[in-house]
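Read through the structure below, which is laid out as structure tokens, and then see the notes.
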Amino acid sequence: QAKARGRGRHAFFDHHMHYEAARRLALTSDLRAAIEGEQFRVEYQPIVRLGDRRITAFEALVRWRNPASGDVLPGEFIPLAEEVGLVVPIGRFVFFDACRRLAEWRSRAPLLDLRMHVNLSVQEVLEPDLDAFVARNLRRFGLSSDDIVLEITESAVIRSNTLSLGSLARLRATGVHLCIDDFGTGYSSLRYLHQLPFDALKIDRSFVESTDGGLGSAPIVRMLIQLAHSYGIDIVAEGVETARQSSELIALDCEYAQGYHFHRPMSPEAVNALLDASTTAEAVS
Ligand code: C2E
Ligand code: MG
Ligand code: MG
Ligand code: MG
């Protein structure tokens, strides 16, 4: 009887795996169609200076509206796109849009001296012409390499080999800034920090979030902030959702933050309105 039940469970897993595989296959072909059919758009989430909440940068976050199945989150389709070799065209679309918007926003709000953060997958870093692509787009929109921050997740850095160390150094040499994303979630954080040419690190949301509204893991956050300061690099806390988290981060000397407490990711049109409002506020104050 136990054996029969075991077999039944096995059949369930087979069925489930089959379903998963079919779903992934469908998503993959949808993804190809999405690249052709321009179903991607980009939302932008402000990064603020904690002291005065002034917007210092935006992070470009890709969005996919699949006409058949609705919105698919990047946490789901980016890993798939990486796996099936489709992440490079998506990333190029995002980078192009981000440069176009930044040029517009810098002229709309010249006093803010805005930067743009763009997420990169390992495959993009490994493309031999990435630096040329970046330079071409900066020229096209009259931007400087100093305006751009490329975010690479810590786990991606760890998964990649010495080849991408060279690629990162080459990118860095063009003058763009590099930021380690989701810092603290990998297992080799400390070993990589001193080898790699990074200018900033983002504390992963998992250390910030909590059920009681305070900082989830203050000792780790404090340590990461001190680490960044001792290397002389910028530090950004992700996923700040409450006023208490914000004031605790200020007390720990964290300079920059991003999260729903300040601003959600928003459409470019909403950013236009936000910048116009903040410019007006500044003019009257
Ligand atoms: P990430 O780069 O760590 O981006 C931050 C994620 O946290 C975003 O999720 C953002 O919407 C979300 N977030 C921001 N503030 C809060 C908050 O206060 N609370 C909570 N719970 N979440 C917050 P999103 O947009 O779903 O993106 C997920 C991940 O997908 C990104 O994580 C990034 O790794 C990847 N991704 C997004 N766009 C791109 C892209 O253009 N290229 C690549 N390669 N990856 C991308
Ligand atoms: Mg990021
Ligand atoms: Mg992140
Ligand atoms: Mg994260």
Side-chain angles (χ1 to χ4, degrees), residues 31 34-35 39-48 50 55 57-65 71-102 115-127 130 133-134 137 148-157 159-160 164 177-186 198-211 213 215-216 234-246 249 256-267 270:
L31 208 50
I35 292 169
Q39 294 166 13
F40 296 103
R41 58 202 168 77
V42 187
E43 288 195 336
Y44 293 89
Q45 186 178 30
I47 295 173
V48 302
L50 272 166
I55 297 172
F58 290 92
E59 179 174 9
L61 295 162
V62 69
R63 299 291 178 249
W64 175 21
R65 175 150 302 159
D71 291 336
V72 188
L73 287 170
E76 180 170 13
F77 72 82
I78 290 288
L80 183 65
E82 288 174 342
E83 219 173 287
V84 299
L86 291 174
V87 82
V88 170
I90 297 172
R92 299 221 158 175
F93 166 75
V94 173
F95 191 79
F96 178 88
D97 195 74
C99 288
R100 183 162 66 98
R101 303 299 183 184
L102 182 64
R115 282 187 175 152
M116 180 63 74
H117 289 234
V118 181
N119 294 286
L120 285 190
S121 295
V122 174
Q123 281 99 322
E124 297 176 79
V125 177
L126 293 176
E127 284 288 294
L130 177 65
F133 171 79
V134 166
N137 280 285
I148 301 295
V149 184
L150 300 176
E151 296 191 4
I152 298 146
T153 62
E154 189 191 22
S155 58
V157 171
R159 265 189 283 117
S160 59
S164 76
H177 301 267
L178 300 181
C179 171
I180 310 188
D181 204 350
D182 301 345
F183 192 78
T185 52
F198 283 98
D199 309 275
L201 66 83
K202 271 195 175 179
I203 301 174
D204 191 63
R205 190 169 77 218
S206 60
F207 303 116
V208 174
E209 76 191 357
S210 71
T211 46
L215 271 184
D234 285 342
I235 182 117
V236 186
E238 299 189 311
V240 178
E241 295 185 349
T242 68
R244 239 180 85 204
Q245 287 167 340
S246 169
L249 286 163
Y256 302 101
Q258 181 179 14
Y260 298 165
H261 175 61
F262 304 104
H263 303 278
R264 287 183 177 261
M266 57 183 103
S267 69

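Quick caveat: nothing in here was measured; it's all calculated off a predicted structure. In each ligand, atom 1 is the first atom listed, and ligand 1 is the first ligand listed.
Of all the heavy atoms of Lys202, none lies under 4.0 Å from any atom of ligand 1, so neither backbone nor side chain is involved. Proximity of Glu209 to ligand 1, defined as any heavy-atom pair under 4.0 Å, is not found for any part of the residue. Heavy atoms of Ser121 found under 4.0 angstrom from ligand 1 belong to the backbone as well as the side chain.
When the heavy-atom distances from atom 6 (C) of ligand 1 to Arg205, His263, Arg264 are ranked, the shortest goes to Arg205. Counting heavy atoms only, Leu61 comes closest to atom 10 (C) of ligand 1 of the residues Leu120, Val208, Val42, Leu61.
Relative to the ring axis of Tyr44, Arg101 does not place its NZ or CZ within 45° and under 6.0 Å from the centre. Arg264 forms a cation-pi arrangement with Tyr260, by the criterion of a distance under 6.0 Å to the ring centre and an angle within 45° of the ring axis.
Less than 4.0 angstrom separates some heavy atom of Pro265 from each of these atoms of ligand 1: 11 (O). Remark: ligand 1 atoms within the under-4.0 Å shell around heavy atoms of Gly259 are 15 (N), 18 (O). Taking a cut-off of under 4.0 Å to the non-hydrogen atoms of Val94, the atoms of ligand 1 that pass are 41 (O). If you number the atoms of ligand 1 from 1 as listed, the ones under 4.0 Å from a heavy atom of Asp182 come out as 3 (O). Annotation for ligand 1: atoms under 4.0 Å from non-hydrogen atoms of Arg63 are 11 (O), 24 (P), 25 (O). Which parts of ligand 1 touch Glu124 is read off a 4.0 Å heavy-atom cut-off, strictly below it: atoms 44 (N). Per-residue contacts place Asp181 under 4.0 angstrom from the following atoms of ligand 1 (heavy atoms of the residue considered): 1 (P), 2 (O), 3 (O). Heavy-atom proximity to Glu241, at under 4.0 Å, picks out these atoms of ligand 1: 17 (C), 18 (O), 19 (N), 20 (C), 21 (N).
A 6.0 Å sphere centred on CZ of Arg41 holds more than 12 heavy atoms belonging to other residues, nucleotides or ligands.
Residues Val94 and Val118 form a side-chain contact, since some pair of their non-hydrogen atoms from C-beta on lies under 4.5 Å apart.
The CD atom of Glu59 sits 8.0 Å away from the SG atom of Cys179 when rounded to the nearest 0.5 Å.
Rounding to the nearest 10°, we obtain 90° for the angle at the Mg ion (ligand 2) between Glu59 OE2 and Asn119 OD1. Draw a line from the Mg ion (ligand 2) to OD2 of Asp181 and another to OE1 of Glu151, and the angle between them is 90° (to 10°).
Under the 30°/60° scheme for interplanar angles, the aromatic rings of Trp64 and Phe77 are found to stand perpendicular.
For ligand 1, the polar-atom distance check finds no N/O of Ala60 at less than 3.5 Å from any of the ligand's N/O atoms. Considering backbone and side-chain atoms together, His261 places no N or O closer than 3.5 Å to any N or O of ligand 1.
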### Message
Between Leu120 and Leu130, does the side-chain contact (heavy atoms from CB on, under 4.5 Å) criterion hold? Intermediate values first, please.
### Response
CA-CA 11 Å; Leu120 285 190; Leu130 177 65; 3.8 Å; yes

### Message
Please evaluate residues Phe96 and Asn137 with respect to the criterion side-chain contact (heavy atoms from CB on, under 4.5 Å), reporting the C-alpha separation (whole Å), side-chain torsions for both, the decisive distance (0.1 Å), and the verdict.
### Response
CA-CA 7 Å; Phe96 178 88; Asn137 280 285; 3.3 Å; yes

### Chi angles and distances behind the side-chain contact (heavy atoms from CB on, under 4.5 Å) call for Glu238, Asp182
CA-CA 8 Å; Glu238 299 189 311; Asp182 301 345; 3.2 Å; yes

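Applying the side-chain contact (heavy atoms from CB on, under 4.5 Å) test between Ile148 and each of Leu102, Leu178, Val134 identifies Leu102 as the sole match.
Leu50 and Ser246 make their closest contact through CD2-OG, 3.6 Å (heavy atoms, listed as atom of the first residue, atom of the second, distance).
Assignment of Gly91 to the shell around ligand 1 is not supported, since no heavy atom sits closer than 4.0 Å. Note on ligand 1: Glu59 sits in its first shell, one or more heavy atoms being nearer than 4.0 Å.
Checked against a 6.0 Å centroid threshold, the rings of Phe183 and Phe198 do not count as neighbours.
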